[in-house]
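Okay, so here's the structure we're looking at.
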Amino acid sequence: QVQLVESGGGLVQAGGSLRLSCAASGRTFNTYTMGWFRQAPEKEREFVAAIRWSGGSTSYADSVKGRFTISRDNAKSTPRTRTVYLQMNSLKPEDTAVYYCAAKLWNTWNDWNDQCRLPDTYDYWGQGTQVTVSS
C-alpha cells in the first residue's frame with residue numbers, strides 16, 4: 001500500500017505562485033512515475049504533469065508548459081518515502097481546481113509519454129489540495 005498526501009494549496013492572485021508538495025509513504029521502493037492531475041468543478045480530471053522516478057523525465061500538459069515545473073526530491077526520498085513537487089508560476093484563474101497527486105508502481109506502460117497522461121493508469125491517489133486563483 002502507498003499513501004499520498006498533498007499540501008501547499010491555497011488562494012493566490014492571478015500572476016502569483018504556489019508550490020504543491022506530495023509526500024508518498026509505504027511500499028514506494030518500486031515507484032515508476034508520479035503525476036499531478038487537477039479537477040475543476042463540473043469538469044473531468046485532467047493531466048497536469050508527470051515525472052519518471054528513474055531518470056527524471058518529465059511531461060506537461062500544454063496548458064501549463066512553461067509555467068509549472070514538476071520535480072522530485074531525492075534527498076528526502078527513501079525506499080519507503082517519496083516526495084514530489086509542483087511549482088506553479090504565473091497562475092491564472094483557469095488554474096483553479098483541486099490538485100491531486102498520483103503514483104504508478106512498476107513499469108508496465110508501453111509508451112510513457114502517452115500513458116503518463118491517463119488517470120486510469122495510476123495505482124494510488126491522494127485526497128487532493130484546493131488551488132484557487134483570483135482575478
Side-chain angles (χ1 to χ4, degrees):
Q1 290 292 329
V2 174
Q3 296 78 42
L4 302 174
V5 178
E6 303 96 335
S7 61
L11 173 65
V12 64
Q13 288 189 333
S17 299
L18 283 175
R19 189 177 80 157
L20 305 183
S21 299
C22 175
S25 61
R27 298 175 63 85
T28 64
F29 64 91
N30 53 354
T31 300
Y32 176 52
T33 293
M34 294 189 72
W36 286 97
F37 290 76
R38 65 187 183 187
Q39 188 165 17
E42 301 182 359
K43 291 190 175 181
E44 292 188 354
R45 191 168 296 191
E46 66 173 1
F47 170 74
V48 175
I51 186 166
R52 182 154 44 186
W53 201 261
S54 176
S57 299
T58 58
S59 180
Y60 296 92
D62 288 344
S63 59
V64 307
K65 201 172 294 184
R67 299 188 298 123
F68 291 11
T69 303
I70 187 171
S71 62
R72 67 192 194 283
D73 192 333
N74 288 328
K76 285 188 175 181
S77 297
T78 71
R80 293 190 65 83
T81 62
R82 294 284 188 266
T83 301
V84 66
Y85 304 107
L86 184 68
Q87 177 67 42
M88 305 186 295
N89 299 328
S90 303
L91 282 161
K92 304 175 181 180
E94 51 263 44
D95 294 319
T96 295
V98 177
Y99 282 70
Y100 296 91
C101 177
K104 167 64 178 171
L105 307 183
W106 302 112
N107 176 4
T108 61
W109 291 345
N110 293 323
D111 187 325
W112 187 84
N113 283 305
D114 281 347
Q115 294 186 266
C116 73
R117 297 166 177 263
L118 304 177
D120 290 346
T121 61
Y122 286 79
D123 301 310
Y124 295 97
W125 291 84
Q127 294 299 307
T129 185
Q130 176 71 46
V131 171
T132 303
V133 184
S134 63
S135 56

Practice problem: Decide side-chain contact (heavy atoms from CB on, under 4.5 Å) for Val64 and Arg38; before the verdict, give the C-alpha distance in whole Å, the side-chain angles of both, and the deciding distance to 0.1 Å. | Solution: CA-CA 12 Å; Val64 307; Arg38 65 187 183 187; 4.0 Å; yes
Quiz item: What's the verdict on side-chain contact (heavy atoms from CB on, under 4.5 Å) for Gln87 and Ser71, showing C-alpha distance, side-chain angles and the deciding distance?
Solution: CA-CA 8 Å; Gln87 177 67 42; Ser71 62; over 6 Å; no
Self-check item: Chi angles and distances behind the side-chain contact (heavy atoms from CB on, under 4.5 Å) call for Trp36, Val84
Solution: CA-CA 9 Å; Trp36 286 97; Val84 66; 4.1 Å; yes
Practice problem: List the steps, then state whether side-chain contact (heavy atoms from CB on, under 4.5 Å) holds for Leu4 with Met34. | Solution: CA-CA 10 Å; Leu4 302 174; Met34 294 189 72; 4.1 Å; yes
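For the pair Leu20 and Met88, the minimum side-chain heavy-atom distance is below 4.5 Å. The shortest side-chain heavy-atom distance between Gln130 and Thr96 falls under the 4.5 Å cut-off. When side chains are defined from C-beta on, Asp123 does not count as touching Val2, because their heavy atoms never get closer than 4.5 Å.
In this structure, Thr78 OG1 and Phe29 CZ are separated by 12.0 Å, a value rounded to the nearest 0.5 Å. With rounding to the nearest 0.5 Å, the separation of OG in Ser7 from CZ in Arg19 is 9.0 Å. Going from atom CD of Gln127 over to atom CD of Gln3 covers 11.0 Å, rounded to the nearest 0.5 Å. Here the NZ-OH distance, from Lys104 to Tyr124, works out to 10.5 Å after rounding to the nearest 0.5 Å. One finds the OG atom of Ser134 at 10.0 Å from the CG atom of Leu91 (value rounded to the nearest 0.5 Å). Distance check, rounded to the nearest 0.5 Å: CZ of Arg82 to CG of Asn74 gives 8.5 Å.
In this structure, a donor-acceptor pair under 3.5 Å is absent between the side chains of Thr31 and Thr28. Side-chain contact, Trp112 with Ser57: no donor N or O sits under 3.5 Å from an acceptor N or O.
For Glu94, the CD atom is densely surrounded, since the number of other residues' heavy atoms within 6.0 Å is greater than 12.
For Phe37, the ring pair (Phe, Tyr, Trp, His ring centres under 6.0 Å) partners at least two apart in sequence or on another chain are Phe47, Tyr122, Trp125.
Among residue pairs with one or both ends in residues 36-84, none qualify as disulfide bond (SG atoms under 2.5 Å apart); sequence neighbours excluded. Every pair tested for ring pair (Phe, Tyr, Trp, His ring centres under 6.0 Å) that includes a residue from residues 58-96 fails, sequence neighbours excluded, so the list is empty.
Here the side chain of Gln115 pairs a donor or acceptor atom with the backbone of Asn110 at under 3.5 angstrom. Side chain of Thr83 to main chain of Ser77: no donor-acceptor pair is present (N/O by atom type, distance under 3.5 Å, no hydrogens or angles). Of the possible donor and acceptor atoms, none in the side chain of Glu6 sits under 3.5 Å from a partner among the backbone N and O of Cys22.
One hydrophobic cluster, built from ILVMFWY side chains closer than 4.5 Å, cannot hold both Tyr100 and Ile70; they sit in different ones. A single hydrophobic cluster is seen to contain both Trp106 and Ile51, as judged by linkage of ILVMFWY side chains at heavy-atom distances under 4.5 Å, directly or through other members.
Electrostatic pairing of Lys92 and Asp95 does not count as a salt bridge here, judged by no charged N lying under 4.0 Å from a carboxylate O.
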